[in-house]
There are 2 protein chains.
Amino acid sequence: MSRQPTIKDVATKAEVSFKTVSRVLNREPHVRKEVRDRVLAAAAALDYRPNNAARGLTGGRSRLIGFLYDNPNYSYVTQGEAGALLRCREAGYHLVVEPIDSQADVARQIEQIISSLRLDGVILTPPISDAPAALATLDRLGVAHVRIAPSAAREAAPCVFIDDEAAAYALTRHLIELGHKAIGFVQGHPDHGASRQRQAGFERAMAQAGLAIPAQLIAQGYFTFESGMAAGEALLSQRERPTAVFAANDKMALGVLAAARRLGLSAPADLALAGFDDNRVSRLSSPQLTTAHQPVDVMCAAAADMLVALAGGETLDQPTLQLPFEIEVRASSAAPPRAPLSSPASAV
Amino acid sequence: MSRQPTIKDVATKAEVSFKTVSRVLNREPHVRKEVRDRVLAAAAALDYRPNNAARGLTGGRSRLIGFLYDNPNYSYVTQGEAGALLRCREAGYHLVVEPIDSQADVARQIEQIISSLRLDGVILTPPISDAPAALATLDRLGVAHVRIAPSAAREAAPCVFIDDEAAAYALTRHLIELGHKAIGFVQGHPDHGASRQRQAGFERAMAQAGLAIPAQLIAQGYFTFESGMAAGEALLSQRERPTAVFAANDKMALGVLAAARRLGLSAPADLALAGFDDNRVSRLSSPQLTTAHQPVDVMCAAAADMLVALAGGETLDQPTLQLPFEIEVRASSAAPPRAPLSSPASAV
DNA sequence: CTGAAAGCGCTAACAA
DNA sequence: TTGTTAGCGCTTTCAG
């Protein structure tokens with residue numbers, strides 16, 4: 001528990017000025033290899049680690065990245081955090097997690113966090129990635145930010161996303177190809193941009209297959225289990241119930257599954273089911289959920305990379321990054337009860 | 001995007017020395033109310049926020065708390081983080097999340113994090129809360145730490161926990177009272193202390209009810225869905241299969257549920273099921289899981305409180321804090337197929 | 001290629 | 001009750 005070694009201790013041991021140590025540690029050029037090695041050896045011997053606060057105070061770089069999220073989005077959080085964390089650590093950065101209440105004064109919350117911590121950058125997860133107040137504040141403060149899965153203004157600032165529309169389209173195609181014709185859709189939260197895109201993909205696939213979408217096949221949801229259950233109940237208790245349901249996220253799909261169960265229907269025998277996101281939970285259900293895998297961890301890792309690069313003064317060669325999704329076909333989707341296999345449809 | 005105001009700007013505006021501003025901001029005594037008000041007004045007018053790095057550099061307090069976890073424990077993470085975050089923010093602290101690889105050099109990882117960030121304290125979630133290397137390192141570094149749900153040496157250092165044994169006992173009683181006699185148990189990860197305690201509670205309840213626990217009613221699990229599924233398969237494919245299964249955590253219980261389903265058994269009709277933790281997932285399954293609620297968010301909030309107090313030089317009046325659990329009876333547990341209701345058993 | 005000086009924004013002594 | 005002086009550990013000037 002003796003005092004932590006400082007840069008001066010290293011300098012003394014390596015018999016150089018402490019500025020030289022600083023140079024070596026920051027990988028600046030113009031240091032003789034011999035000197036560099038001596039410094040490195042001294043630092044290792046003393047088990048020296050730079051004081052992040054001191055570095056930040058003078059250098060303008062705090063080496064701190066903020067991970068901003070709003071409470072409802074738990075599933076995103078863990079995976080995204082893990083991905084971002086990985087890259088942060090590799091780059092010598094640390095991740096500060098900050099929940100934001102979208103309903104309250106977003107600008108104020110962000111100012112608070114940024115200015116006391118002097119964050120080098122922030123990762124914005126939905127729905128904050130679409131909050132104009134958040135973006136405006138960050139711009140005004142001049143703080144780098146990367147949005148995860150924003151639904152609008154993709155060119156305006158760095159962001160990482162997948163093609164939600166295409167993924168929803170592909171997933172719907174999958175259901176159609178299984179032979180389903182009456183496919184229900186549970187909409188996502190109206191405030192999330194992804195909701196619109198996913199519905200658009202669903203509608204495109206249906207239209208392309210010449211399938212109608214009567215109003216009673218669409219149910220409003222809010223990305224929660226409960227809302228999915230309510231929607232499922234509405235959808236499945238109709239006389240002409242759909243043989244398949246596509247919910248705009250996994251949690252809602254599980255809600256539909258619960259509703260089906262309550263109505264005595266079992267998946268996939270009586271009802272094919274598809275979700276979206278490939279949440280951890282989608283593998284824990286019985287049957288496991290067919291879904292579109294959104295690589296949240298990779299997306300956030302990429303975002304962290306971008307922020308680190310930006311903080312280092314680099315320019316992003318690819319500020320908007322579209323990552324591939326994947327359709328995970330699992331046990332929850334099967335052909336409808338007595339349906340003929342549909343003829344192979346044309347591809348995208 | 002103009003320069004952030006500093007303490008000196010506030011001092012100038014309030015027409016006092018900048019030390020006085022510092023006093024006001026730190027709520028130090030010996031400042032005339034009139035002066036204090038003037039300073040506060042100036043700070044508000046300038047929208048001043050102290051630079052955390054500068055404060056930490058000189059004051060010895062970084063106002064940063066670390067949240068340490070190991071990857072497997074995702075369910076803990078989100079809830080615990082949220083709880084801790086809440087209190088941190090109230091106290092003007094920030095939470096830095098740091099994953100630790102229990103398999104690698106724990107001491108080194110912790111040293112790394114602590115010494116570069118000068119954390120004021122850390123919250124340790126299982127299984128790190130039981131890692132001797134972690135505890136020893138933190139002690140050596142003199143860094144305050146609060147352990148969440150440690151299984152040993154509770155008196156040695158601050159910690160927050162529930163009585164796992166009693167909770168497992170109560171849950172087992174619940175199954176017994178439903179009329180189950182052949183109750184299977186899926187063990188947790190052997191490296192987690194909670195595994196032992198939960199099994200002990202199970203065994204005590206069974207013994208007290210005069211029920212035998214033949215070896216084939218115990219299956220090894222590792223706190224994962226897959227291990228639960230394997231254990232469930234082993235347990236349920238026997239000739240004399242149990243009518244109820246108690247898994248040492250929720251994820252494994254869901255695994256057992258999947259295995260049951262595969263074997264054509266449905267819960268709770270053919271099989272009563274209980275988990276542990278009350279993970280978010282336990283409500284998303286069909287049927288919803290009967291489980292013991294471990295208030296991870298409250299536990300971590302309490303831990304954050306303790307660390308803030310410690311950092312402020314206070315002494316903990318209650319360094320070891322036991323919080324109450326709750327048994328959540330949900331749809332997954334019901335009486336066995338053709339069982340007579342057992343006679344009410346004596347209480348704890 | 002290396003070093004000396006200055007100062008980041010703040011708190012901790014001490015003095016007034 | 002208030003102000004002055006150092007100095008935290010580091011990076012950024014600017015000299016050599």
Side-chain angles (χ1 to χ4, degrees), chain A residues 2-40 42-43 46-64 92 114-118 120 311-313, chain B residues 2-40 42-43 46-64 92 114-118 120 311-313:
Chain A
S2 64
R3 194 179 55 83
Q4 295 271 348
T6 76
I7 196 171
K8 290 186 183 167
D9 299 322
V10 178
T12 306
K13 187 165 180 89
E15 298 178 310
V16 292
S17 83
F18 77 95
K19 171 64 221 184
T20 301
V21 177
S22 169
R23 280 210 183 82
V24 172
L25 263 29
N26 289 304
R27 294 190 184 75
E28 282 173 35
H30 310 308
V31 181
R32 250 188 314 153
K33 186 176 178 330
E34 185 209 337
V35 175
R36 166 183 309 274
D37 289 345
R38 213 164 67 224
V39 169
L40 255 19
L46 291 173
D47 208 22
Y48 166 77
R49 294 188 235 272
N51 180 326
N52 203 57
R55 283 182 131 177
L57 186 54
T58 182
R61 280 169 62 187
S62 63
R63 281 152 221 263
L64 253 29
I114 298 289
S115 50
S116 90
L117 247 30
R118 307 298 199 265
D120 283 353
Chain B
S2 64
R3 192 178 57 83
Q4 295 270 348
T6 75
I7 198 171
K8 291 187 183 166
D9 298 321
V10 178
T12 307
K13 188 164 180 91
E15 297 179 310
V16 292
S17 83
F18 75 95
K19 173 63 221 185
T20 302
V21 177
S22 168
R23 282 208 182 84
V24 172
L25 263 29
N26 289 305
R27 293 191 184 72
E28 280 173 36
H30 311 309
V31 181
R32 251 189 313 155
K33 185 177 181 327
E34 185 210 336
V35 175
R36 167 184 309 273
D37 289 346
R38 212 166 67 225
V39 170
L40 254 21
L46 291 173
D47 209 22
Y48 166 77
R49 293 187 236 271
N51 180 327
N52 203 56
R55 283 181 132 177
L57 186 54
T58 183
R61 281 168 62 186
S62 63
R63 281 151 220 266
L64 253 29
I114 298 289
S115 51
S116 91
L117 247 29
R118 307 297 199 264
D120 284 353

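None of these values were measured; they are calculated from a predicted model. Chain letters run A, B, ... following the sequence lines, proteins first, then strands; residues in each count from 1.
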Checklist line | Residue B:N51, side-chain atoms from C-beta onward, closest of D:dT11, D:dT1, C:dC10 | finding: C:dC10
Next item on the list: Could you tell me the separation between the CD1 atom of B:I7 and the C1' atom of C:dA12, rounded to a whole number of Å?
Entry: 13 Å
Margin query: In whole Å, I'd like the distance from the CZ atom of A:R61 to the C1' atom of D:dT11.
Written below: 11 Å
Note to self: Distance check, rounded to the nearest 0.5 Å: B:Q4 atom CD versus A:S116 atom OG?
What the structure shows: 10.0 Å
Check: A:L57 or B:V21: which one's nearest nucleotide on DNA chain C is closer to the 5' end?
Finding: A:L57
Next item on the list: Could you tell me whether the phosphate oxygens of D:dT1, OP1 or OP2, come under 4.0 Å of any side-chain nitrogen or oxygen in B:R32?
Entry: no
Checklist line | Nearest-nucleotide comparison on DNA chain D, the residue closer to the 5′ end among B:R36 and A:Y48 | finding: B:R36
Item checked: Distance, nearest 0.5 Å, that separates CG of A:L40 from CG of A:L25 -> 7.5 Å
Note to self: Test your reading of the model: is there a side-chain donor-acceptor pair from B:R38 to the backbone of B:A14, 3.5 Å cut-off?
What the structure shows: yes
Shorter than 3.5 Å, N or O on both sides, protein versus nucleotides 3-7 of chain D: list them out with atom names.
unit_1: D:dG3; atom_1: OP2; unit_2: B:S17; atom_2: N; d: 2.9
unit_1: D:dG3; atom_1: OP2; unit_2: B:S17; atom_2: OG; d: 3.2
unit_1: D:dG3; atom_1: OP2; unit_2: B:T20; atom_2: OG1; d: 2.6
unit_1: D:dG3; atom_1: N7; unit_2: B:R23; atom_2: NH1; d: 3.4
unit_1: D:dG3; atom_1: O6; unit_2: B:R23; atom_2: NH2; d: 2.6
unit_1: D:dG7; atom_1: N2; unit_2: B:T58; atom_2: OG1; d: 3.1

Next item on the list: Could you state the atom-to-atom distance from CG of B:L25 to C1' of C:dT11 in whole Å?
Entry: 12 Å
Notebook entry, point to check: In whole angstroms, how far is the C1' atom of D:dT11 from the CZ atom of A:R63?
Noted result: 10 Å
Check: In whole Å, what is the span from the CZ atom of A:R27 to the C1' atom of D:dT11?
Finding: 16 Å
Next item on the list: Tell me, please, which residues at least two apart from A:R32 pass salt bridge (charged side-chain N to carboxylate O under 4.0 Å, His left out).
Entry: A:E34
Checklist line | Rounded (10°) bend between the five-pair end axes of the helix from C:dC1-D:dG16 to C:dA16-D:dT1 | finding: 30°
Checklist line | Separation of C:dA16 P from B:H30 NE2 (nearest whole Å) | finding: 19 Å
Notebook entry, point to check: How long is the gap from CG on B:N52 to CG on B:L57, to the nearest 0.5 Å?
Noted result: 11.5 Å
Notebook entry, point to check: Which pairs pass salt bridge (charged side-chain N to carboxylate O under 4.0 Å, His left out) with one or both residues in residues 10-27 of chain B, sequence neighbours excluded?
Noted result: B:R23-B:E28
Margin query: Applying salt bridge (charged side-chain N to carboxylate O under 4.0 Å, His left out), can you list everything that pairs with B:R63, at least two apart in sequence or on another chain?
Written below: none
Check: Considering residues at least two apart in sequence or located in another chain, which fulfil the salt bridge (charged side-chain N to carboxylate O under 4.0 Å, His left out) criterion with B:D9?
Finding: B:R3
Notebook entry, point to check: How long is the line joining CG of B:N52 and C1' of C:dC8, in whole Å?
Noted result: 15 Å
Item checked: CZ on B:R49 to CD1 on B:I7, rounded to 0.5 Å -> 15.5 Å
Next item on the list: Return the value, rounded to whole Å, for the distance between atom NZ of A:K8 and atom P of D:dT11.
Entry: 13 Å
